[in-house]
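Heavy-atom basis, side chains included; hydrogens, waters and symmetry copies ignored.
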Amino acid sequence: MSTTMNYTGAVLFDEQGEKIGEVTDVIYDGVEETPTWLIVKPGVLRAEHYVPARPCYRTETDDLVAPFSTDQVKGSPKAKGDHVLSDDDRMLLGQHYAIANLPRTS
């Protein structure tokens with residue numbers, strides 16, 4: 001994913017085409033200023049959740065797709081109001097999404 005893409009307001013889908021939610025914010029790493037985490041709101045009365053940005057991709061039709069199921073995103077730790085991640089948050093998210101070596105965002 002490139003930093004020139006507009007993520008905020010984009011709809012995120014899973015690989016089966018099911019809508020996960022809308023991207024409401026993006027967390028960039030502090031060094032390369034590349035997107036690290038997407039903040040995704042699954043629905044009107046649902047809490048926002050963090051989704052790793054790196055495995056997400058755009059399709060030929062410009063849809064944003066995550067290699068995670070809707071249930072996996074909804075089961076992830078909820079995003080904090082300020083969208084700031086602590087080291088513990090990053091560890092829990094890495095375990096939840098089964099990814100390692102997550103970059104620091106501060």
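- Taking every heavy atom of both residues into account, Thr70 and Lys19 meet most closely at OG1-O, 3.6 Å.
- Considering only residues two or more places apart in sequence or on other chains, Asp14 meets the salt bridge (Lys or Arg N to Asp or Glu O under 4.0 Å) condition with none of them.
- The two residues Pro42 and Ala47 have their closest heavy-atom pair at CD-O, 3.1 Å.
- For the residue pair Val65 and Leu12, the shortest heavy atom distance occurs at C-CD1, 3.9 Å.
- Using a 4.5 Å heavy-atom cutoff, the side chains of Val51 and Tyr97 are in contact.
- Summarising the geometry, atom CG belonging to Asp25 is positioned 5.5 Å from atom NE2 belonging to His83; distances are rounded to the nearest 0.5 Å.
- Once rounded to the nearest 0.5 Å, the distance linking CG of Asp89 with NE2 of His96 reads 13.5 Å.
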Full working for side-chain contact (heavy atoms from CB on, under 4.5 Å) between Glu48 and Lys78: CA-CA 6 Å; Glu48 294 175 315; Lys78 294 178 182 173; over 6 Å; no

Trace of the side-chain contact (heavy atoms from CB on, under 4.5 Å) decision for Ser76 with Tyr50: CA-CA 7 Å; Ser76 73; Tyr50 299 102; 5.5 Å; no

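- Summarising the geometry, atom CG belonging to Asp63 is positioned 12.5 Å from atom SG belonging to Cys56; distances are rounded to the nearest 0.5 Å.
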Stepwise side-chain contact (heavy atoms from CB on, under 4.5 Å) check, Thr59 with Phe13: CA-CA 10 Å; Thr59 66; Phe13 295 91; over 6 Å; no

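- If you take CH2 on Trp37 and CZ on Arg54, they are separated by 10.5 Å, rounding to the nearest 0.5 Å.
- With sequence neighbours left out, the side chain to side chain donor-acceptor pair (under 3.5 Å) criterion links Asp71 to no other residue.
- In plain terms, the two heavy atoms of Pro35 and Ala53 that are nearest each other are O-CB, 3.6 Å.
- Residues Leu64 and Leu38 meet the side-chain proximity criterion, which asks for heavy atoms closer than 4.5 Å.
- Distance alone, capped at 3.5 Å, is enough to place a donor-acceptor pair between the Lys41 side chain and the Arg46 backbone.
- Between Pro77 and His49, the shortest heavy-atom distance links the atoms O-ND1, 3.5 Å.
- In this structure, Leu92 CG and Asp87 CG are separated by 11.0 Å, a value rounded to the nearest 0.5 Å.
- Other cluster members for Val44: Leu45, joined by side-chain heavy-atom distances under 4.5 Å among Ile, Leu, Val, Met, Phe, Trp and Tyr.
- The two atoms that bring Pro67 and Pro55 nearest to each other are CD-O, 3.4 Å, heavy atoms only.
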